[in-house]
A.B. asks: 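The following block contains the structure, expressed as structure tokens.
All ligand and atom numbering here is 1-based and tracks the order in the structure.
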Amino acid sequence: MNVLVTGGAGYIGSHAVQRLLADGNTVVVMDNLFRGHRAAVPAEATFVQGDLHDYDLIVKTLKDHAIECVINFAAWTYVGESVEQPLGYYHNNTAGVLTLLRAMAEAGVNKIVHSSTAATYGEPDEMPITEDTPQAPINPYGMSKYMVEQILRDTANANPEFAFACPRYFNVAGCDPEGRIGEDHSPETHLIPVLLEAATGKREKAYIFGTDYPTPDGTCIRDYVHVVDLIDAHVLLMNALKPGQQLFYNLGIGNGMSVREIVDAVKKVTGVDFTVEIGDRRAGDPPSLYADPKKIKEELGWEAKITDTETMVADAYKWFKANPEGYGDG
Ligand code: UDP
């Protein structure tokens, strides 16, 4: 298939590009390189520098490359930052996708797999989270993605040829087990890479954001899914999508790990007893989020193959050790 991967130079997008190429697809990557890395895009993919606000460029790219499906990873993804910069989040994550969808309509492209998030559920009363759990985002990041889900529903309701899948990610971790690409964010805020920075001396210490949550050890619980498994689900979704379909699936392993448990896993894998201090709660963080991933297993046969946290940490650490400066582009 001819696939446009928007945000394909980022952490998750670059893993998708690698897999799509390995499967024999023709891949075009569009990325504004705000947080993505040109070096994360293999030479076999066509690279177009641009962002989701550039309607004309997207229409041209879709037409020039006879794109059949778009997979959109382009987004700002930090919960804490979204509380401080809501307009940036709505501009990029909501308005940007609106422009992308308008461009797709103009070019006659009717298939999209769009990254959504467990943050659209807010602070649910019950765990695990199913696709029927009511969505009530509690931060601008979750709301920016929730709004896109609604835009996609309305678009599909108006056009029977249009089809979309919204995988709702829980916490994505790990990287290519062969160490060709990895996770390089600047600034880095995600728990596992932050802890790896502390373990390798790149930062002096790490903080646990809050130990007074209503969870067994007082720290937040999240469902960590390996990026390779996550991408596997995207490929299944892309290949399964039929005109008119509106698909929503939780992508998690179905098991929650606390921040303290992740700290222990990183210390064990790295063998370094780095300094961890207790900090304040971070704005916008729900206490506990983990998936019921049954629906996608029953309907498409997907389930996470890697469920062991230490394996996820070890894969992330491998790339991290080999590339202490990340992609080296700042
Ligand atoms: N967290 C933490 N210290 C850090 C970074 C994150 O305690 O330096 C916590 C954060 O409060 C959340 C969990 O780790 O409960 C996962 O955060 P992350 O930013 O990795 O992903 P998110 O859940 O926000 O998507």
A.B. asks: For ligand 1, which atoms sit closer than 4.0 Å to a heavy atom of C220?
C.D. replies: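 In order of numbering, the contacting atoms are 15 (O).
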A.B. asks: Can you tell which part of L191 has a heavy atom less than 4.0 Å from ligand 1: side chain, backbone, both or neither?
C.D. replies: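 Both backbone and side chain of L191 come within 4.0 Å of ligand 1.
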A.B. asks: Counting each atom of ligand 1 from 1 as listed, which ones have a heavy atom of Y207 under 4.0 Å away?
C.D. replies: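 Listed by number with element, the hits are 2 (C), 3 (N), 4 (C), 7 (O), 8 (O).
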A.B. asks: Of all the non-hydrogen atoms in the protein, which one sits nearest to atom 5 (C) of ligand 1, and at what distance?
C.D. replies: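 Closest protein heavy atom to atom 5 (C) of ligand 1: T189 O, 3.3 Å.
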A.B. asks: Y249 ring centre to R168 NZ or CZ under 6.0 Å, with the angle to the axis within 45°?
C.D. replies: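 Judged by the rule, R168 and Y249 form no cation-pi pair.
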A.B. asks: Within the 4.0 Å heavy-atom shell around R222, which atoms of ligand 1 are there?
C.D. replies: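 The atoms of ligand 1 under 4.0 Å from a heavy atom of R222 are 15 (O), 23 (O).
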A.B. asks: Tell me, yes or no, whether the heavy-atom count around D280 atom CG, taken from other residues, nucleotides or ligands under 6.0 Å, exceeds 12.
C.D. replies: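 At most 12 heavy atoms, drawn from other residues, nucleotides or ligands, come within 6.0 Å of this atom.
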A.B. asks: Examine the proximity of ligand 1 to R282 and report which part, side chain or backbone, both or neither, has a heavy atom under 4.0 Å away.
C.D. replies: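 The side chain, only.
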A.B. asks: Name the closest protein heavy atom to atom 9 (C) of ligand 1, giving the residue it belongs to and the distance to 0.1 Å.
C.D. replies: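 Checked against all protein heavy atoms, atom 9 (C) of ligand 1 sits closest to V259 CG2, 3.8 Å.
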A.B. asks: For the residue pair F73 and Y169, categorise the inter-ring angle as parallel (less than 30°), tilted (30 to 60°) or perpendicular (more than 60°).
C.D. replies: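 F73 vs Y169 ring planes: tilted.
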A.B. asks: Return the option from D285, N171, I192 holding the heavy atom at the smallest distance from atom 22 (P) of ligand 1.
C.D. replies: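 The option holding the nearest heavy atom is N171.
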A.B. asks: Using a 4.0 Å cutoff against the non-hydrogen atoms of I208, which atoms of ligand 1 qualify?
C.D. replies: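 Per the distance check, 7 (O).
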A.B. asks: Should the ring pair H185 and Y11 be called parallel, tilted or perpendicular, given that the plane angle runs from 0 to 90° and is split at 30 and 60?
C.D. replies: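 The arrangement is perpendicular - the two ring planes meet at more than 60°.
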A.B. asks: Any side-chain heavy atom of E303 sitting closer than 4.5 Å to one from K294?
C.D. replies: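 E303 does not reach K294 side chain to side chain.
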A.B. asks: Any side-chain heavy atom of P177 within less than 4.5 Å of one from V228?
C.D. replies: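 In contact.
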A.B. asks: Within the 4.0 Å heavy-atom shell around V194, which atoms of ligand 1 are there?
C.D. replies: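 Taking each heavy atom of V194 in turn, ligand 1 has 8 (O) under 4.0 Å.
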A.B. asks: Of Y78, F209, Y224, which has the heavy atom at the shortest distance from atom 16 (C) of ligand 1?
C.D. replies: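 Considering heavy atoms of Y78, F209, Y224, the nearest to atom 16 (C) of ligand 1 sits in Y224.
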A.B. asks: Does D176 come within less than 4.0 Å of K318, counting only side-chain N to carboxylate O?
C.D. replies: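 So D176 does not pair with K318 through a salt bridge.
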A.B. asks: Tell me yes or no: between the side chains of T219 and D217, is some donor less than 3.5 Å from an acceptor?
C.D. replies: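 Side-chain D/A pair, T219 to D217: present.
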